[in-house]
Amino acid sequence: MDFGDILNQWNEQQKSQAKKAKTPQTQVSHKKANAPTREEKELAKAGCKMTPEELMEKQAKTAINPMELWLRRYGITDKDKLAEQSEEAGRMENREYLRTMRPEARIDLHGLTRDEAWLRLEGFVNDCLRKGYKKIEIVHGKGIHSHGTDPVLGQMVRTFIEQNKHLGTSGHNDKNHGGSGATWVLLK
């Protein structure tokens, strides 16, 4: 066997391998012949007359503004709003600020019995906690019309504040805003 015979044999092997590569391997598809693809169905629903290939080609040719691309990828951050939120959170932590701020909610217990006032206070405090309030005001009166020596509702409000785990620091307003007849309370 000479070199020419080896070369011919090698050429024949290359041709047979090329033929095998060209003939597709038969794969069984469970899809009906000429059935539309999922993309084609979506385009048909949208009322588009283009084929998916034409649509992809059109989208590829559309130039995207680099700024728009960056905004799509990373989104928008409002730094001013974040700074305001951080500042507000810092102020809420400052107890002196909380003491001087106006109450966010108020309940008036005038004319109620001790038991009625207790039930109303429980509901009021739970509602304020759910709404996220930080400071509330309880108007109970000075006890001018109470029978006996001590005001009934004032003592009941103090007891309620001491027993409720969600209520913290409390105090009375100045004389222009109710004085000893109204109690403000910070919620925990």
Side-chain angles (χ1 to χ4, degrees), residues 38-39 41-48 55-56 59 62-188:
R38 182 174 47 95
E39 292 85 11
K41 288 178 184 177
E42 289 173 4
L43 288 173
K45 283 182 185 176
C48 185
L55 187 62
M56 286 174 47
Q59 289 174 346
T62 305
I64 296 177
N65 180 358
M67 182 65 78
E68 179 69 26
L69 179 65
W70 191 89
L71 289 173
R72 283 184 192 171
R73 182 176 292 160
Y74 300 109
I76 299 172
T77 303
D78 188 357
K79 292 182 180 178
D80 293 332
K81 185 177 179 182
L82 290 175
E84 287 174 8
Q85 288 174 346
S86 174
E87 184 179 318
E88 181 69 20
R91 276 191 293 187
M92 286 301 189
E93 293 300 320
N94 184 354
R95 283 199 144 340
E96 189 58 37
Y97 172 75
L98 288 173
R99 287 181 183 187
T100 59
M101 76 180 267
R102 295 183 62 201
E104 298 170 294
R106 177 175 287 117
I107 185 170
D108 190 350
L109 304 176
H110 279 104
L112 300 177
T113 65
R114 184 177 303 172
D115 295 334
E116 290 172 341
W118 190 278
L119 291 174
R120 288 242 182 115
L121 266 178
E122 283 179 341
F124 175 71
V125 168
N126 289 334
D127 190 42
C128 291
L129 287 168
R130 196 170 40 256
K131 290 179 181 177
Y133 292 157
K134 296 289 183 186
K135 185 176 181 179
I136 60 172
E137 184 176 43
I138 304 168
V139 179
H140 47 78
K142 297 179 183 179
I144 296 171
H145 303 292
S146 294
H147 302 292
T149 57
D150 290 334
V152 175
L153 293 180
Q155 181 60 36
M156 188 276 308
V157 168
R158 281 191 290 279
T159 306
F160 182 84
I161 292 170
E162 291 170 1
Q163 291 181 3
N164 193 316
K165 65 180 179 180
H166 298 292
L167 301 179
T169 307
S170 65
H172 294 291
N173 295 328
D174 59 2
K175 293 186 188 236
N176 296 333
H177 294 96
S180 62
T183 304
W184 56 263
V185 184
L186 298 181
L187 299 175
K188 293 180 184 177

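What you see below is based on every heavy atom in this structure, not just the backbone, and it leaves out hydrogens, waters and symmetry mates.
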> What are the two closest non-hydrogen atoms of Ser170 and Thr183, and how far apart are they?
Replying inline: CB-CG2, 4.1 Å
Identify each donor-acceptor pair in which a side-chain atom of residues 75-82 lies under 3.5 Å from a protein atom, sequence neighbours left out, and give them as a table.
unit_1	atom_1	unit_2	atom_2	d
Asp78	OD1	Asp80	N	3.4
Asp78	OD1	Lys81	N	3.4

> Which value, rounded to the nearest 0.5 Å, describes the distance between Thr159 atom OG1 and Asn164 atom CG?
Replying inline: 12.0 Å
>> Using only atom types and a distance under 3.5 Å, with no angle test, would you say the side chain of Glu137 pairs donor to acceptor with the backbone of Trp184?
In response: no
> Can you list every pair that meets salt bridge (charged side-chain N to carboxylate O under 4.0 Å, His left out) and has a residue in residues 111-124, with sequence neighbours left out?
Replying inline: none
> To the nearest 0.5 Å, what is the distance between CG (Leu119) and OG1 (Thr113)?
Replying inline: 8.5 Å
> Yes or no on side-chain contact (heavy atoms from CB on, under 4.5 Å) for Leu153 and Met156, after CA distance, side-chain angles and deciding distance?
Replying inline: CA-CA 5 Å; Leu153 293 180; Met156 188 276 308; 4.2 Å; yes
> Which value, rounded to the nearest 0.5 Å, describes the distance between Leu186 atom CG and Lys135 atom NZ?
Replying inline: 6.5 Å
> Would you say Ile107 and Val139 make side-chain contact, with heavy atoms under 4.5 Å?
Replying inline: no
> Does the side chain of His110 come under 3.5 Å of the side chain of Asp108 through a donor N or O and an acceptor N or O?
Replying inline: yes
>> Please give me the minimum heavy-atom distance between Lys165 and Lys188, naming the atom from each residue.
In response: O-CD, 3.5 Å
>> I need the Trp118 CH2 to Leu112 CG distance, nearest 0.5 Å.
In response: 14.5 Å
Under 3.5 Å, which donor-acceptor pairs do the side chains of residues 64-74 form with other protein atoms, sequence neighbours left out?
unit_1	atom_1	unit_2	atom_2	d
Asn65	OD1	Met67	N	3.2

>> Within this structure, what is the CD1-CG distance for the pair Ile138 and Leu109, rounded to the nearest 0.5 Å?
In response: 7.0 Å
